[in-house]
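One structure below.
Values reported hereafter were calculated over all heavy atoms of this structure, with side chains retained and with hydrogens, waters and symmetry mates removed. A note on names: the letters A, B, ... follow the listed sequences, proteins ahead of strands, and every chain is numbered from 1. Not measured: the values here are computed from a predicted model.
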Amino acid sequence: MDFIPDPSLDAFRHEIREAINADLPTDLKEKQIAYAGSQNEPEDSLTWMRILDKRGWAVPHWPVEHGGTGWSPMQLYIFNEECTNAFAPDICWGSSHMCGPVIYTFGSDAQKERFLPEMRRGDYYLAQGFSEPGNGSDLARLRTSARREGDRYIVNGQKIWTSSGYFAEWGFFLVRTDPTVKPQAGISFLMIKMDTPGITVRRIPQLNGESDLCEVFLDNVEVPAGNLIGEEGKGWSYAKFLLDHERTTSSFIFFNKREVARARAIAEAETQDGVPLIRNPVFRDRLTRLEAEATALEWSVLRELSKEEFKYHPTAAASTLKVAGSRLQQAICELEMDLLGARSLRKFAYDAHDRDAAPLWPDYSETVTPRALVMRASTIYGGTLQIQKGIISKLAFDL
Amino acid sequence: MDFIPDPSLDAFRHEIREAINADLPTDLKEKQIAYAGSQNEPEDSLTWMRILDKRGWAVPHWPVEHGGTGWSPMQLYIFNEECTNAFAPDICWGSSHMCGPVIYTFGSDAQKERFLPEMRRGDYYLAQGFSEPGNGSDLARLRTSARREGDRYIVNGQKIWTSSGYFAEWGFFLVRTDPTVKPQAGISFLMIKMDTPGITVRRIPQLNGESDLCEVFLDNVEVPAGNLIGEEGKGWSYAKFLLDHERTTSSFIFFNKREVARARAIAEAETQDGVPLIRNPVFRDRLTRLEAEATALEWSVLRELSKEEFKYHPTAAASTLKVAGSRLQQAICELEMDLLGARSLRKFAYDAHDRDAAPLWPDYSETVTPRALVMRASTIYGGTLQIQKGIISKLAFDL
Amino acid sequence: MDFNPSDLQRMLLDSAERFLADRFTLEHRRGLRATADGLDTEAWSTFAELGWLSLRVPEALGGLGGTMADVATLATALGYNCVASPFTSSVVIAPTILTGADQPQEALLEAIVGGTARVALVHDEPGDRYAYDKPRGTTAALRDGAIVLSGQKLLAVDAPSASHLIVTATIDGDLALVLVPSDGAGIEKSPYPLYNDQRAADIRFDDVAGGTLLARGAAAQALLTQALDLGRIADAAQMVGSMEADLAICSAYLKERQQFGQPIGKFQALQHIMADMFVATHQARSILYAAIASADADAAPPALARMVSLMRINLAEAYQVVARQAIQLHGGYGITDEYEVSHHYRHQLVLEKLYGDVDHHQRRLAAL
Amino acid sequence: MDFNPSDLQRMLLDSAERFLADRFTLEHRRGLRATADGLDTEAWSTFAELGWLSLRVPEALGGLGGTMADVATLATALGYNCVASPFTSSVVIAPTILTGADQPQEALLEAIVGGTARVALVHDEPGDRYAYDKPRGTTAALRDGAIVLSGQKLLAVDAPSASHLIVTATIDGDLALVLVPSDGAGIEKSPYPLYNDQRAADIRFDDVAGGTLLARGAAAQALLTQALDLGRIADAAQMVGSMEADLAICSAYLKERQQFGQPIGKFQALQHIMADMFVATHQARSILYAAIASADADAAPPALARMVSLMRINLAEAYQVVARQAIQLHGGYGITDEYEVSHHYRHQLVLEKLYGDVDHHQRRLAAL
């Protein structure tokens, strides 16, 4: 064991930080601060990808031949941390972390050439069409059908929880191309242009005022057969590949570290009888417990990145990061609301530009509760807390 | 709704309190204080029953014709609370709350005459022989067999978790009299004298130094057929009758109230830099939460006693009392240990009379941890926490 | 002791369950967001017709003179149906103060009973954190025998739809409770919704004349404390009702929703979550009863304060178990605005934090 | 960064796993209760032969000069096998102080390495609650050029089997660290076991002469703090090992134990408890690494203190999930003295509360 970080990484971090400081437009940054990580407007993601692309940093984790940087896992970690700390918008996850990797791993050369540069450059947004109403954690029950007719698929069905579906130009869909084989074997991975006739998108209002998640209805949508990625019937294994691909993202370690620092700042700013709440031992202790948990989480991520020999199945570690990270996200938000007390209850307009000036109210009172409300989803999406626990007990203990 | 208690109960409480004060021998009381509710020596239970019996109060909840008092549920509640608050020993639960009710409900007149007066008078201790190794919460798997031979049963098998089994003169056992019918139907309820040849009792050392729980081995034990209570094959329903009989006991409301008050006393006695820990907001808040929970629990018990119309199955309420009561017992003990800090770690002799004088140590340091350790069992015995949750979800929600 | 509803309570409950479930559907409640002050005026008139608004007005003043047990019965039904309304302000807090004032405000009480007046308490100020016994920055001055109010108030719950305001202020170093019509000259309201769509406002008072001094000094403080404690009980009853709705909604959902080929209610992990929610809710109703008993027995103020604070501490823990898990059990649907559970979550969140959070009640208990 | 064991660590781990599992069976450990001082003398000699006792003695003084990562590797194995021993006292705390003393105690360090000496820290006094930076009631006076100790000490962990004691005392208003042989005239020990069968003693010093002043004033305070922080890491590593043993024991038990016709590990509720235990243990090991990194990088004392206190706070929560549920998963057997889980529970309970509880570490963090 040697826990001393490579000192050369300091210089790397410095370089990244300077570059982001130079490149990140003030208006984007301010909007991210205003949303405090509870929202990310998809057009901002594209703007930021285009900016990053100029340095060749839009998809740093991709293979070098497709525009990646060749950075080490620790360098990628630092890059992502610096982006988060600078309040840069998220990039389009659908292209960078989901559809992109599937295409460069399983797609044809033509597909690579067609899609990867556009994705990397942030030319358009990609929406994910995996979940369907009624099969949240159970992809085997997928019902959206794609019937082959000549050189086209005719797609019918309904997708849900599609982030920024209303904005996306392309979507990547799991569809059932063969209803006769066992459920997992009949699924395929299809690229569909979102303006194809027969597609209707409905934005779903969420409990915090946001409506980024969408329902996508597909009614006899005609898709060129060339939009099939990889082999027909392999969609299930591509989806699994995606889930196994990224082991540390679901820890949301950078957001967690940033938010726990914000909770401390709020505890220092909010007062009771003139005394900052950070000096109230009950609030202070709660905060410190979260700081400890965030420290543990950070080192759990480092263990993962450093390829620790692990006596359990690696996916058990990935699920652990998800469980610990999602609980921490919720606990931090809950503390922030509790610090604000009744002043956490005011509903401000969700969109930053619709908010009235409220000089009697601190800025963070506009953002704490929307974030806290939507963070109830952190133990739901990407496999619920219960699904994660099931994975852990199975893979770590063979139960 | 009318939550004003019957004012006549005040006089009743006063009468009970005076009587207990007059009757309870100092040495018994002091021993109970020394054990702080973590232990109850069975001989003390009998002594106390004999004393109570002089007033006709040994088994106040029994039907009047068998020596009960005819008190109302609220009067019984007050009586039990006063006994607990006076640090009276427990009575022999096996006779008063388990075997006794089965006999007066299902036994023959001869059995009633034979057993009930002796039980009531505290002539001997009764041990429970229900559980077996390997079937903790699953009585249907009961394996101890009783084979009928003429006017006797030949009993073979093994029981476990028999409280004070080493001391008891009689035991009441669930045994399998018919292995050919479905598991629940072949079980019978048998009285067995503990000194019958073939019975071996082993005391089980517990994590807190106590060894009151026993294993009972039965090797060709000959039991007169007249010791069968009720009908052969009905043992399962008698056991269920017992579990349904007492709905509020498992809340341990009186112990919980007494212990939460003790936790407050410890928080007032223990200091940090000369300041009582009760003024440490973190400890104080934990204590107050427990006081709130104890208050809720007390009113849950009152709702049960007052026959509230309840839109769920009543056993769901009983299990709720058990879940809340057992968690509270544990949480109070944990707080008490935490208040003591490192001074909770010293292992004193378990038996009060073996303890060395330790003038540098407060009395409660001798009792907090033994109680806390054994209270880990409060979410295990009488149906684990998991079993209780299963009952609630089934009976309240039909899940 | 009798835990079963009295005839009056049964009547209240029956009328409430019928009327509220019919009217306050999810769609109707979402529709109220578009109104100026969040109030369902028509429903409020029905509240009046059903006698609900007179519950805490003494019989001598034309009310029902009901107990807090009566109030809680109704409040539970409101919570069950997730109705965010000025109920606690106008039916509990204001009548307590207006009845206990040096000069009982009979006309206004009558108007409340009739549904034509609603009264909000205006207390919080910038920099406050549940400061219920601290001097007020808002001042009430006597000028030419009349009260003149000046100051900045924050987060006055239910003020946007109120016809009258009870304002806490400092008068010659004493606490004063001052009643003013809400549309008086010099009153500037900045209204906004809370997360349960209840409305509140920041209010600036600039030399506002025409106020009535309801009470001052120790009497005012005692009246304020009593009104708040009764209000806290009413809000707690709404929380309990809302939690009980979560139980019903979730247990139905678990039976209906299929996953991996069976209703998700067959999964033991989810069954145990439901059991935890049940235990928390059952205990919450029990401690609500404890506080009601204290209030209806006219317990001494410190005894009532202690019981109310214990109750609020318990409820704050309970709703976390219930409302949060209710969302979790619904998966993605739980975080949409289109399913009931997120509404109940936000409603309970608001009710938990009004009139004192856990920290406030812990401090209060320590000071008793 | 490299999270995998070095060659030395792999060697330590291999020897530890073999030796400890063979020797420290449940029966053997229960048998040690009957000994006078709880020490397995023979095993301690083996510890010496295996080089374990020299881990934190600098190479210049004849030791291995190992890192805290090395110590933690071994301590984890001790915890995994539930071995309560004077390891932390004699291998971490004492060598830190004896090495850092004004006059490094080479002979004694050599005796520790050889297994012939064991040294306990004697700090707590009546009325203390983790008082690591408060003046000591025990006094060290200079008489005729020699140190004379007087005072009452409490809860000196590992003192019963120690050959030497490092006593904290006040000398002319300064903190002093004084080394005395444990059998000196005027020393009266009242030994007793802790709940993990580790031994401790209350000790009275009556004009005890023959002491050596190791350090005083700020230097003594710094040395004490450093020794305690490193000791806390060693104890934390034992806790992590013990928690990891709970995972192994419980997952095996869930497969073996049948209920309702199937292994209880098939019940989802129990699977999810195991998952919670796994997450807590995994996170605990991670934050242990964070503290080790801080120690082995020779972080400034406040930075080390911060990391150690955060670690202890996290571990105190983690062991509650793990050790308590380990008992719960075993049902009735869990609370007997005859199953491993109750021993691990008691071991973790003791380790959690020595050298500072959560409250202590919270206070320390707030003061940093």
Side-chain angles (χ1 to χ4, degrees), chain B residues 1-6 9 73-74 251 278-282 284-312 316-317 319-325 327-328 385-399, chain C residues 1-6 9 67 69-70 72-73 244 247-248 250-252 254-255 263 265-268 270-276 278-294 296-297 306-307 309-318 358-359 361-363 365-366:
Chain B
M1 297 176 193
D2 170 11
F3 301 147
I4 313 298
D6 176 355
L9 291 174
M74 274 311 295
S251 70
I278 191 71
R279 283 166 57 195
N280 175 322
V282 178
R284 183 196 73 204
D285 280 21
R286 272 177 73 184
L287 176 66
T288 311
R289 283 171 199 270
L290 302 182
E291 288 173 340
E293 186 68 14
T295 305
L297 184 63
E298 183 175 20
W299 282 77
S300 288
V301 170
L302 293 174
R303 287 168 69 184
E304 183 68 32
L305 293 178
S306 306
K307 307 214 181 307
E308 180 194 32
E309 287 168 22
F310 187 56
K311 71 175 188 174
Y312 303 101
S319 286
T320 297
L321 294 178
K322 165 84 174 152
V323 168
R327 282 180 176 160
L328 184 54
L385 181 60
Q386 283 71 37
I387 293 285
Q388 303 299 339
K389 288 187 188 179
I391 291 172
I392 292 170
S393 73
K394 184 171 165 56
L395 296 184
F397 301 121
D398 192 26
L399 292 177
Chain C
M1 283 196 182
D2 181 2
F3 287 84
N4 298 315
S6 67
Q9 287 158 1
T67 60
D70 302 333
T73 301
E244 290 174 343
L247 296 185
C250 290
S251 57
L254 290 189
K255 284 174 200 164
K266 291 289 167 207
F267 290 103
Q268 193 186 33
L270 304 191
Q271 292 171 355
H272 286 200
I273 289 174
M274 282 299 306
D276 283 333
F278 184 82
V279 171
T281 305
H282 191 81
Q283 290 276 88
R285 184 176 267 272
S286 295
I287 201 163
L288 169 66
Y289 288 165
I292 291 170
S294 190
D296 282 342
R306 176 175 158 76
M307 205 47 102
S309 286
L310 286 176
M311 171 190 70
R312 298 295 305 206
I313 287 166
N314 194 261
L315 257 75
E317 294 194 50
V358 170
D359 181 65
H361 288 293
Q362 288 281 10
R363 286 165 179 263
L365 282 171

Heavy-atom pairs under 4.5 Å with chain C - which of [options] has more of them than the others?
{"options": "B:Met74, B:Arg279, B:Arg284", "value": "B:Arg284"}
{"options": "B:Leu302, B:Val323, B:Ile278, B:Asp6", "value": "B:Leu302"}
{"options": "B:Lys307, B:Glu291, B:Gln386", "value": "B:Gln386"}

Portion of [X] that has a non-hydrogen atom of chain B nearer than 4.5 angstrom:
{"X": "C:Ser309", "result": "neither"}
{"X": "C:Leu270", "result": "neither"}
{"X": "C:Arg285", "result": "both"}
{"X": "C:Met307", "result": "side chain"}
{"X": "C:Gln268", "result": "neither"}

C:Gln9 side chain to B:Met1 main-chain N or O, any donor-acceptor pair under 3.5 Å?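 Flag set: sc C:Gln9 to bb B:Met1 pair under 3.5 Å.
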
Please identify, among [options], the residue contributing the most non-hydrogen atom pairs under 4.5 Å to chain B.
{"options": "C:Met274, C:Gln271, C:His282", "answer": "C:His282"}
{"options": "C:Ser286, C:Ala284, C:Ala69", "answer": "C:Ser286"}
{"options": "C:Arg306, C:Glu317, C:Met311, C:Lys266", "answer": "C:Glu317"}
{"options": "C:Thr73, C:Ile313, C:Ile273, C:Leu247", "answer": "C:Leu247"}
{"options": "C:Ile292, C:Asp296, C:Leu254, C:Thr67", "answer": "C:Ile292"}
{"options": "C:Gly265, C:Ser6, C:Ala290, C:Ala275", "answer": "C:Ala290"}

Using the six-membered ring wherever Trp is involved, compare the ring planes of C:Phe3 and C:Tyr289 and label them parallel, tilted or perpendicular (cut-offs 30° and 60°).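 Ring orientation, 0 to 90° scale: tilted.
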
Between B:Trp299 and B:Phe3, how do the two ring planes meet: parallel, tilted or perpendicular, split at 30° and 60°?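 Because their plane-to-plane angle is over 60°, the rings of B:Trp299 and B:Phe3 count as perpendicular.
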
Over all atoms of both residues, closest heavy-atom pair of B:Leu297 and C:Gln283: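 Smallest heavy-atom distance, with atoms named: CA-OE1, 3.4 Å.
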
Any idea which heavy atoms bring B:Ser393 and B:Gly390 closest together, and the distance?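 Minimum heavy-atom contact is OG-O, 3.2 Å.
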
With sequence neighbours left out, write down each residue that passes side-chain hydrogen bond (donor to acceptor under 3.5 Å, both in side chains) with C:Ser251, or none if nothing qualifies.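 Applying side-chain hydrogen bond (donor to acceptor under 3.5 Å, both in side chains) to C:Ser251 gives none.
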
Apply side-chain hydrogen bond (donor to acceptor under 3.5 Å, both in side chains) to B:Glu298 and list each qualifying residue two or more places apart in sequence or on a separate chain.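 For B:Glu298 the side-chain hydrogen bond (donor to acceptor under 3.5 Å, both in side chains) partners, ignoring immediate neighbours, are B:Tyr77, B:Lys257.
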
When you check the side-chain N and O atoms of B:Thr288 and B:Asp285, is any donor under 3.5 Å from an acceptor?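 No donor-acceptor contact under 3.5 Å links the two side chains.
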
Are there over 12 heavy-atom neighbours, none belonging to C:Lys255, within less than 6.0 Å of that residue's NZ?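 Enclosed.
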
